[in-house]
Amino acid sequence: MILTAIAIVFFNVSIYVVMALIYKRFRIPVLMPALTATFMVVVLLLYFEIPYDTYMIGGQWINKLLGPAVVSLAYPLYNQRHVLRRNLPAVLGGTLTGLLVGMFSGILLALLMGFPKQYILSLLPKSITTPVAIQISGSLGGESSLTSVFVMIAGFTGAIAGPYILKLFRVRSEIGIGIGLGTASHALGTAKALEYGEQSLSMSSVAMTVCAIAGSFTAPLVAWLLYH
């Protein structure tokens, strides 16, 4: 069992390292390691017919590192605390605006496409980091597995398209870049923000946290307005 876990961890790390080297060489957003490594892992699991339960023998070890990884974001945030204090109104205003735009734009598209109620409730917290989004979705009557998919789509879309959108609108401020990426694509956006500097990383982690807290209150309210 332990050897299987070690082999799976090595398998994941090796794929990520290879994808990271490819990304470092070409620097194309669609080749970001989080996306390409995930794709390669899925393809290889399907090809070799490895069951999900078997994969999670080692996958759970990696999963347990998510907590410390999130906590580690406090370090760059501490280093940039003076920037946060000086720009707090802009950070909170931009983040909350982005959260509401993300919610209502998703709902509008879902309604126009004729999605059923459960799908819309599952889609509602898509702009919030996965653990919180799943809890919100479940409390509203949504499907947690659908919510996970919607959150992943939002994360990958924002991390890939974000740099092009920022360039199109000539957003050069590290604070603005961090808020945009963290609000639109949460953890994946925060990982992308690291490429722009520590300040962007800090603001992105703040935006992700604010979205999680504010979304816990606004999502039930939006659902109530829709269906009551």
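We number each residue from 1, following the sequence as shown. Side chains included, hydrogens not; waters and symmetry mates left out as well; all remaining heavy atoms used. Everything numeric in this text was worked out from a predicted model, so none of it was measured.
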(request) Please write out which residues are connected to L108 in a hydrophobic cluster, directly or through intermediates, given that two of Ile, Leu, Val, Met, Phe, Trp, Tyr count as joined at side-chain heavy-atom separations below 4.5 angstrom. (result) L112

(request) Sequence neighbours left out, what passes side chain to side chain donor-acceptor pair (under 3.5 Å) with S204? Give chain and number order. (result) T190

(request) Measure the shortest side-chain to side-chain distance between S200 and L194 over non-hydrogen atoms and say whether it is less than 4.5 angstrom. (result) no

(request) Find out whether L92 and T95 are in side-chain contact, i.e. whether some heavy atom of one side chain is under 4.5 Å from a heavy atom of the other. (result) no

(message) Under the salt bridge (charged side-chain N to carboxylate O under 4.0 Å, His left out) definition, can you give me all pairs with a residue in residues 80-95, not counting sequence neighbours?
(response) none

(message) Please report the interatomic distance CD1(I107) to CG(L124), rounded to the nearest 0.5 Å.
(response) 4.5 Å

(message) Would you say that F11 contacts V41 through its side chain, given a criterion of any heavy-atom pair below 4.5 Å between the two side chains?
(response) yes

(message) By the side chain to side chain donor-acceptor pair (under 3.5 Å) test, which pairs, at least two apart or in different chains, include something from residues 167-184?
(response) none

(request) State which residues pass side-chain contact (heavy atoms from CB on, under 4.5 Å) with I153; sequence neighbours excluded, sorted by chain then number. (result) V149, T157

(request) Please list all pairs passing the side chain to side chain donor-acceptor pair (under 3.5 Å) test where one or both residues lie in residues 13-28, with sequence neighbours left out. (result) Y23-K192, Y23-E195, R27-E195

(message) Running the 4.5 Å side-chain criterion over Ile, Leu, Val, Met, Phe, Trp and Tyr, what cluster does V101 land in, apart from itself?
(response) none

(request) Return the set of residues passing side chain to side chain donor-acceptor pair (under 3.5 Å) with E143 (not counting sequence neighbours), or none when no residue passes. (result) S145

(message) With heavy-atom distances below 4.5 Å as the criterion, would you say the side chains of L84 and V91 are in contact?
(response) yes

(message) Applying side chain to side chain donor-acceptor pair (under 3.5 Å) as the test, list every pair that has at least one member in residues 128-139; sequence neighbours left out.
(response) S137-T147

(request) Looking only at non-hydrogen atoms, find the nearest pair between I179 and G94 and report the distance. (result) CG2-C, 4.0 Å

(request) Please answer: with hydrophobic residues joined when any side-chain heavy atoms are less than 4.5 Å apart, are L46 and I15 in the same cluster? (result) no

Using a 3.5 Å cut-off and no angle test, enumerate the donor-acceptor pairs between side-chain atoms of residues 207-217 and protein atoms at least two apart in sequence or in another chain.
from: T209; atom 1: OG1; to: S205; atom 2: O; distance (Å): 2.8
from: S216; atom 1: OG; to: A212; atom 2: O; distance (Å): 2.7

(message) Taking transitive links into account, so neighbours of neighbours count too, which hydrophobic residues share a cluster with L166 at under 4.5 Å side-chain distance?
(response) I165, L168, F169, V171, I177, L181, Y196

(message) Taking side chain to side chain donor-acceptor pair (under 3.5 Å) as the cut-off, I'd like each qualifying pair that reaches into residues 36-62, sequence neighbours left out, listed once.
(response) N12-Y55

(request) Using a 4.5 Å cut-off on heavy atoms from C-beta on, say whether the side chain of L123 contacts that of K126. (result) yes

